[in-house]
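Notes for the one structure printed next.
Heads up: numbering here begins at 1 and tracks the sequence. None of the values given here were measured: they were computed from a predicted structure.
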Amino acid sequence: MSLILLGIRDFERQAGYLHPEHCAPPPLRTHSADDMWFIRDGCGIVCGVITWLLVFYAEFVVVFVMLLPAKNVAYSLFNGAVFNGLAFLALASHFRAMCTDPGAVPKGNATKEFIESLQLKPGQVVYKCPKCCSIKPDRAHHCSVCKRCIKKMDHHCPWVNNCVGESNQKYFVLFTMYIALISLHALIMVALHFVFCFEEDWAKCSSFSPPTTVILLIFLCFEGLLFLIFTAVMFGTQIHSICNDETGIEQLKKEEKQWAKKSKWMNMKVVFGHPFSLAWLSPFATPDHGKANLYQYVV
């Protein structure tokens, strides 16, 4: 369900051969660095809205169909707090993943002045993207949906309407983790609800009629199982990529690693922050890399 969009590289060794005259002047900056990042892509916006609606549907069924009619108040309060807390963190993570700049390279910076300011050494290679006329850092790729080069781009995900890159990968990983957890929690509660209702009168198990209750629970089961499988696989894939310090595009293109090998724990700190803390689990905490070097290259 995730869409991976690859870019092309066009590079030369001298500033003159990069043809900066073919690039339009960089756009005037009208927004501050604190402005919210948002991709105006119809498919991505629809997918993002659907994601929120599905979470709200699960919230409705869990609260109004299963928990409020339950006779055990402690059971309802505990499961309600856990489910609502995880759902809130899932939506907050989705919002941060969607509205955080994933690491976009300034558009149209491949000007003659900028290239000369780099003071390239003899034999040094720089990369220019022919699509957005940017001088690309190492491990950056062009996204045709975002129309920008993204640092350490892993893939473009329509479900968060954004690229997953250097600056928002943490939020995407948290989103997949929390969605998997609420899906698992919902499935467990549905199973318990069916067990309890078989032992009692179905009419007393819900504020809705028995047929309506069963239909709502079946739809929730289908949704929970589908999202549990998808997000659990995506979460595992992301953690594996982070530990190996290799993005999805780099794996697909089988690019040769030019960067120094770091420990799996250090790679996790690069994405989630240095040092380890409970802030790793918070979508509101921006990762502080500290000693976790983002780029260490083999000389």
Side-chain angles (χ1 to χ4, degrees), residues 1-5 31-41 43-56 58-59 82-105 140-141 143 145-183 185 227 230-239 241-242 247-248 267-290 292 294:
M1 289 160 81
S2 295
L3 179 61
I4 297 179
L5 297 159
H31 302 283
S32 68
D34 295 329
D35 284 347
M36 185 175 70
W37 171 274
F38 187 78
I39 302 300
R40 292 173 177 82
D41 173 58
C43 175
I45 293 173
V46 169
C47 289
V49 170
I50 289 175
T51 300
W52 280 64
L53 291 178
L54 288 172
V55 173
F56 288 146
E59 185 85 18
V82 171
F83 186 86
N84 284 285
L86 292 175
F88 174 75
L89 290 172
L91 292 179
S93 300
H94 183 274
F95 182 82
R96 291 299 303 273
M98 179 173 58
C99 298
T100 298
D101 183 342
V105 178
H141 293 84
C143 174
V145 178
C146 298
K147 296 179 175 59
R148 299 286 289 273
C149 286
I150 307 296
K151 299 174 185 177
K152 290 185 71 174
M153 175 182 169
D154 186 86
H155 68 286
H156 183 92
C157 179
W159 296 101
V160 298
N161 189 34
N162 202 1
C163 274
V164 178
E166 177 182 285
S167 302
N168 70 341
Q169 190 172 23
K170 170 192 172 179
Y171 310 125
F172 180 76
V173 173
L174 291 181
F175 165 66
T176 59
M177 182 183 74
Y178 287 127
I179 289 292
L181 289 176
I182 64 172
S183 298
H185 190 202
F227 273 84
F230 170 67
T231 54
V233 170
M234 182 57 70
F235 174 77
T237 301
Q238 287 292 303
I239 294 298
S241 296
I242 292 171
T247 67
N267 289 331
M268 291 287 287
K269 291 179 180 179
V270 167
V271 173
F272 292 96
H274 184 95
F276 170 76
S277 69
L278 288 177
W280 281 26
L281 302 177
S282 171
F284 304 102
T286 303
D288 179 12
H289 301 294
L294 285 174

Sidechain-backbone polar pair: [X] side chain, [Y] backbone, donor-acceptor under 3.5 Å:
X	Y	answer
Trp280	Gly273	yes
His141	His155	no
Arg96	Tyr171	no
Lys170	Ser282	yes
Asn162	Ile39	no
Arg148	Cys143	no

With rounding to the nearest 0.5 angstrom, report the [atom1] to [atom2] distance, [X] to [Y].
X	Y	atom1	atom2	result
Asp101	Asn168	CG	CG	8.0 Å
Lys269	Asp288	NZ	CG	12.0 Å
Tyr178	Ser183	OH	OG	14.5 Å
Phe56	Leu54	CZ	CG	11.0 Å
Met177	Leu281	CE	CG	5.0 Å
Ile179	Leu89	CD1	CG	10.5 Å

What are the two closest non-hydrogen atoms of [X] and [Y], and how far apart are they?
X	Y	value
Cys47	Pro158	CB-O, 3.2 Å
Met234	Thr176	CG-CG2, 3.7 Å
Thr100	Ser167	CG2-O, 3.8 Å
Gly248	Asp154	N-OD1, 2.8 Å
Val164	Cys157	CG2-CB, 4.4 Å
Ala180	Ala232	CB-N, 4.2 Å

(message) Could you check whether any side-chain heavy atom of Pro283 comes within less than 4.5 Å of a side-chain heavy atom of Phe95, counting everything from C-beta outward?
(response) no
(message) Any heavy-atom pair between the side chains of Ile45 and Phe38 that's under 4.5 Å?
(response) yes
(request) Answer yes or no: does atom CG of Leu278 have more than 12 heavy-atom neighbours from other residues, nucleotides or ligands under 6.0 Å? (result) no
(message) Would you call the rings of His185 and Phe83 parallel, tilted or perpendicular, taking 30° and 60° as the class edges?
(response)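 Aromatic pair His185/Phe83 classed tilted.
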(message) Tell me whether the rings of Phe172 and Phe175 are parallel (<30°), tilted (30 to 60°) or perpendicular (>60°).
(response)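 Tilted.
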(request) Apply the test side-chain contact (heavy atoms from CB on, under 4.5 Å) to residues Thr247 and Met153: give CA-CA distance (whole Å), side-chain angles for both, the deciding distance (0.1 Å), then the verdict. (result) CA-CA 7 Å; Thr247 67; Met153 175 182 169; over 6 Å; no
